[in-house]
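In listed order, ligands and their atoms are each counted from 1. Keep in mind it's a predicted model, so treat the numbers as computed, not measured. Because only heavy atoms are used, hydrogens play no part in the values below, and waters and symmetry mates are left out as well, while side chains stay in.
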Amino acid sequence: MDNITNLIRKNILSLTPYSSARDEYKSNQGIFLDANENPFGNLNRYPDPYQWRLKQILSSQKKVGIENILIGNGSDEIIDLVQRVFCDPNEDKIIICPPTYGMYEVYANINNLEIISIPLTEDFQLNTEAILAQNAKILYLCSPNNPTGNSLENLEYIIENFNGIVFLDEAYIDFSEQPSLVSKIKKYPNLIVSQTFSKARGLAAVRVGIAYANEKIISVMNKVKPPYNVSQLNQESAVQSLANEDDFKSNVQLIKSERELLKQSLLALDFVTKIYPSEANFLLVEMENATAIYNSLIEQQIITRNRSSVVENTIRITIGTPRENQQLLYALNLVMS
Ligand SMILES: Cc1ncc(COP(=O)(O)O)c(C=O)c1O
């Protein structure tokens with residue numbers, strides 16, 4: 001898959017992007033009378049449209065070029081952006097492998113794209129042959145996968161042999177023992193890896209997502225994204241988080257150890273029939289009468305996610321603080337008695 005340009009929509013290739021005031025004059029020295037901003041206040045200036053400070057840090061941490069990074073308003077914005085760059089409405093197709101994160105499908109419906117659904121196998125792995133037999137612009141993969149929690153196998157073989165863009169969603173990668181494929185973007189020009197500050201970095205309110213990809217893809221995505229898609233406050237919060245690696249690591253470690261403790265305690269409950277292996281910050285738990293148990297937890301003001309419509313008799317439980325996990329177990333014991 002060498003010629004990425006052929007996959008890009010013609011109108012996007014020829015697009016003249018908006019040139020913002022901050023694009024035209026890049027220094028922050030001077031008297032700024034160019035962007036119709038208010039001269040008073042602390043947040044009166046438009047933010048850096050290309051988020052250089054944040055990208056510099058990510059670039060050195062992840063060992064990829066700044067030109068290989070795009071910052072989005074959460075990774076949800078990136079999922080949509082990729083469709084708008086590559087897929088002509090009413091014409092192009094995307095592939096999803098359910099059960100998986102719902103937004104790939106929602107955006108495809110918004111963007112009027114055909115959705116080819118190739119379900120995961122019984123052990124929640126990819127149906128490689130069926131995927132490679134299809135022709136589509138984008139293949140969405142999520143590893144570790146939401147809501148199943150497992151990492152997907154055979155990823156590199158699929159990326160190498162798929163005739164379109166592979167969008168690999170690594171929202172939960174920091175909770176996993178598997179290596180990220182960010183280091184492979186040089187090797188595979190059709191690979192886009194997305195990550196987020198919303199999960200392991202604990203900044204879901206901040207809305208910062210990242211795409212790592214070949215520079216050609218990133219430069220076209222930059223043309224299409226809104227000029228000021230990431231606020232100054234968002235950028236600063238993300239930079240601050242990256243300066244505090246010790247807290248980040250100990251927080252992730254605590255969530256992982258709580259995940260194992262919670263798993264053992266849940267397995268001891270009579271009505272729990274299975275817990276799927278998880279490399280994320282949640283557990284997919286199969287139980288008798290999952291919907292009734294889900295409802296009875298809600299009555300006790302403990303909110304989990306009923307996933308029974310996608311994996312029979314399951315609820316997905318996010319790992320909370322040690323105290324929250326204890327409260328969940330207490331509530332489940334009440335349900336049992
Ligand atoms: C797999 C996956 N990707 C992306 C997202 C959205 O992330 P963000 O908050 O960066 O938009 C989620 C949120 O639950 C998710 O589970």
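For the pair K225 and Y50, the cation-pi test (distance below 6.0 Å, angle within 45°) is passed.
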> side-chain hydrogen bond (donor to acceptor under 3.5 Å, both in side chains) between Q56 and R53: does it pass, once the steps are laid out?
Replying inline: CA-CA 5 Å; Q56 273 169 346; R53 182 78 199 106; 3.1 Å; yes
>> If you apply the rule side-chain hydrogen bond (donor to acceptor under 3.5 Å, both in side chains), what do you find for Q264 with E260, and how did you get there?
In response: CA-CA 6 Å; Q264 294 317 317; E260 291 323 300; 4.9 Å; no
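Ordered by chain and residue number, the residues placing a heavy atom less than 4.0 Å from ligand 1 are G74, S75, D76, Y101, C142, N146, D169, A171, Y172, T196, S198, K199, R207.
Centroid-to-centroid, the aromatic rings of Y172 and F282 come within less than 6.0 Å.
A donor atom on one side chain and an acceptor atom on the other are found under 3.5 Å apart for N229 and E77.
Applying the side chain to side chain contact (heavy atoms under 4.5 Å, CB included) test between V82 and each of V224, I138, V220 identifies I138 as the sole match.
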